[in-house]
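Each remark here refers to the structure printed beneath this line.
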There are 2 protein chains.
Amino acid sequence: MPKEVATAERSSTRRKSGRREEILQIARTLFAEKGFESASIREIGDAAGILSGSLYYHFATKDDMLDELVRPFVLPLLKQYEVIAHSDADAPDRLRQMIQFGLQNLVQEPDLLKIVANDRKFFAKSERFSYVEEAWQDIFQIWYGVLQDGVRQGQFRSDLNLHITLRMIIELLNGTVDWFRPDGRFTIEQVIDTQVELLFGGLTPR
Amino acid sequence: MPKEVATAERSSTRRKSGRREEILQIARTLFAEKGFESASIREIGDAAGILSGSLYYHFATKDDMLDELVRPFVLPLLKQYEVIAHSDADAPDRLRQMIQFGLQNLVQEPDLLKIVANDRKFFAKSERFSYVEEAWQDIFQIWYGVLQDGVRQGQFRSDLNLHITLRMIIELLNGTVDWFRPDGRFTIEQVIDTQVELLFGGLTPR
DNA sequence: CCTACCGATCGGTAGG
DNA sequence: CCTACCGATCGGTAGG
């Protein structure tokens, strides 16, 4: 069963690396939409206009595709959080910047953020991808340090359980991944503002 | 009460219903752990000590097992939120009670809460299970009404985007599903207290 | 509840 | 990148 689309795409002249990159972006979208394990190589092939078996001309395994997407995203993410967390600003300012950075990322790299946030169970059980869960642990530590600083300096309340508070903040950011749409009725700036305001000030008027 | 529902459903097979119920609870655990689609009928059969094919002596389809677990959980959940939301208490009190109820549920029915929270994508795309997503929409509306009441009566800040605030609160509760463990280092009371305190008062000291 | 299967789909491969 | 497959696993079934 020859496909017109597939034929048309094949006849166009493209460099190997360009095609490879195209397929990778298609995989990225599908992994984000359906989750890594639920997205099949046949779906990726269909979307790319080739047979699933032909994907293995470009990539050795499905895991390789995921790794090639996730690794160059996760490590800079972790480093960026470190940079913000260790700046000279005071704790509330650093926390604000981290929330802002995390949510801005949601606009710039929504797919990759969805993958690392939603497929945590898969990463955790896979030896090869243990670095993803480790990065999450490191990111937790970084946030925790900022919260501690704020409490020490009297800028954050000292009567809150910081571990639970941290979990709440992270869940808040990761949860946003599943409902925020850049073309929806809210801008990311509105979301950042609301999350910062609620986290810092709470619901009760001052 | 769930007992009455169960009795009505299988009144003609009372003696065999014990085994049926056992299998259902095994399925519940696996659905919660791995997600509905990732949990295979062979795993359920193995855990129950029978062959996967033999499950179909008790249930017509895998979907039937899920429906039998989820339906009697979701509808009372929605109703309970309605009862709390329409009580005579003021808005902050009702919100507090709803958070408390939601988190207490996490201790009493962790598996079912995980299923309805984590498999939302599956429920949304399935016609048969549309009632789950509809229940979520209803629950959103109920929470939203309480937030609106609080703003109207000057007990909640009026400068927050309520839609975003609502999303945050729901994500917060649903996110708790994935990290809270009853045998962990925090009690559910600590989690309730911290979440209520942070949501109402914020991080900044008064 | 078991035996003995079914067609569909999964990730992946040999050879061109 | 295609053809033509592979073994494993999926949800489910007929007959006892």
Side-chain angles (χ1 to χ4, degrees), chain A residues 1-28 30-31 33-70 119 122-123 125-129, chain B residues 10 13-28 30-31 33-69 119 122-123 125-129:
Chain A
M1 281 209 242
K3 279 186 183 174
E4 305 293 329
V5 180
T7 308
E9 281 184 8
R10 231 189 303 127
S11 61
S12 64
T13 47
R14 284 193 176 98
R15 274 184 277 163
K16 267 192 207 168
S17 60
R19 190 68 180 119
R20 185 189 164 87
E21 192 59 30
E22 272 179 30
I23 294 170
L24 213 47
Q25 299 324 316
I26 288 166
R28 177 176 51 83
L30 286 167
F31 291 164
E33 264 176 27
K34 320 190 63 175
F36 174 67
E37 287 175 299
S38 294
S40 75
I41 56 164
R42 276 161 184 84
E43 288 175 291
I44 298 169
D46 284 351
I50 58 176
L51 291 175
S52 65
S54 302
L55 291 172
Y56 293 86
Y57 167 75
H58 298 285
F59 305 94
T61 65
K62 191 189 175 191
D63 281 16
D64 275 14
M65 302 179 73
L66 181 63
D67 192 45
E68 223 170 294
L69 287 164
V70 165
D119 279 331
F122 170 77
F123 292 127
K125 77 183 177 195
S126 161
E127 226 181 280
R128 171 166 189 185
F129 292 101
Chain B
R10 52 169 191 269
T13 53
R14 284 291 272 169
R15 291 203 306 176
K16 286 174 187 169
S17 65
R19 188 67 179 122
R20 185 189 163 88
E21 192 59 30
E22 272 180 32
I23 294 170
L24 213 47
Q25 299 323 314
I26 287 166
R28 177 176 52 81
L30 286 166
F31 292 163
E33 263 176 27
K34 321 191 62 177
F36 173 68
E37 288 176 299
S38 293
S40 75
I41 56 163
R42 275 160 185 85
E43 288 175 291
I44 298 169
D46 284 351
I50 59 176
L51 292 176
S52 64
S54 302
L55 291 172
Y56 293 85
Y57 167 75
H58 297 287
F59 306 92
T61 66
K62 192 188 175 191
D63 281 16
D64 275 15
M65 301 179 72
L66 181 62
D67 192 46
E68 224 171 294
L69 286 166
D119 279 331
F122 170 78
F123 291 127
K125 78 183 176 194
S126 161
E127 228 181 278
R128 171 166 188 183
F129 292 102

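A, B, ... follow the sequence lines: proteins, then strands. Residue 1 opens every chain.
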(request) Would you check, one step at a time, whether the test salt bridge (Lys or Arg N to Asp or Glu O under 4.0 Å) holds for B:E68 with B:R20? (result) CA-CA 11 Å; B:E68 224 171 294; B:R20 185 189 163 88; 2.5 Å; yes
(request) Decide yes or no for B:M65 and B:I23: does some side-chain heavy atom of the first lie under 4.5 Å from some side-chain heavy atom of the second? (result)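 Yes, close enough: below the 4.5 Å cut-off.
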(message) Quick one, B:D64 and B:H58 - any side-chain contact, counting heavy atoms below 4.5 Å?
(response)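 No. Closest side-chain heavy atoms not under 4.5 Å.
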Give the rounded distance in Å between these two atoms: [atom1] of [X] and [atom2] of [N].
{"X": "B:F59", "N": "D:dG11", "atom1": "CZ", "atom2": "C1'", "result": "15 Å"}
{"X": "B:E37", "N": "D:dT9", "atom1": "CD", "atom2": "C1'", "result": "15 Å"}
{"X": "B:K62", "N": "C:dA8", "atom1": "NZ", "atom2": "C1'", "result": "15 Å"}
{"X": "B:R42", "N": "D:dT13", "atom1": "CZ", "atom2": "P", "result": "13 Å"}
{"X": "A:F31", "N": "C:dG11", "atom1": "CZ", "atom2": "C1'", "result": "12 Å"}
{"X": "B:E43", "N": "D:dT9", "atom1": "CD", "atom2": "P", "result": "11 Å"}
{"X": "A:K34", "N": "C:dC10", "atom1": "NZ", "atom2": "C1'", "result": "13 Å"}
{"X": "A:F36", "N": "C:dC10", "atom1": "CZ", "atom2": "P", "result": "13 Å"}

Phosphate OP1/OP2 of [N] contacted by [X] side-chain N/O (<4.0 Å):
{"X": "B:Y56", "N": "D:dG12", "result": "yes"}
{"X": "B:R19", "N": "C:dC1", "result": "yes"}
{"X": "B:Y57", "N": "C:dC1", "result": "no"}

[X] side chain, from C-beta outward: closest of [options]:
{"X": "A:L51", "options": "D:dC2, D:dT13, C:dC1", "value": "D:dC2"}
{"X": "B:I50", "options": "C:dG11, D:dC1, C:dC1", "value": "C:dC1"}
{"X": "B:S54", "options": "C:dG12, C:dC2, D:dC2", "value": "C:dC2"}

(request) For the residue pair B:F36 and B:F31, categorise the inter-ring angle as parallel (less than 30°), tilted (30 to 60°) or perpendicular (more than 60°). (result)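 The rings of B:F36 and B:F31 stand perpendicular, inter-plane angle above 60°.
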(request) Could you please name the partner base of D:dA8, counting Watson-Crick and G-U wobble pairs only when both distances are under 3.5 Å? (result)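 WC or wobble partner is C:dT9.
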(request) Identify the nucleotide, in any strand shown, that forms a Watson-Crick or G-U wobble pair with D:dG16, with both distances under 3.5 Å; if there is none, say none. (result)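 Across any shown strand, D:dG16 pairs with C:dC1.
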(message) Students often get this wrong, so: under 4.0 angstrom with heavy atoms, is A:I41 touching a base, only sugar-phosphate, or nothing?
(response)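 Base: the residue A:I41, judged by heavy atoms under 4.0 Å, touches a nucleobase.
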(request) Using a 4.0 Å heavy-atom cut-off across all strands, classify A:A39 as base, sugar-phosphate, or nothing. (result)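 Sugar-phosphate contact only - A:A39 comes under 4.0 Å of backbone atoms but never of a base.
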(message) Between B:E22 and B:R19, is the side-chain contact (heavy atoms from CB on, under 4.5 Å) condition met? List the steps.
(response) CA-CA 5 Å; B:E22 272 180 32; B:R19 188 67 179 122; 2.7 Å; yes
(request) Identify, between B:I23 and A:S40, the residue whose nearest nucleotide on DNA chain C lies closer to the 5' end. (result)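 Its nearest nucleotide lies further toward 5', so the answer is B:I23.
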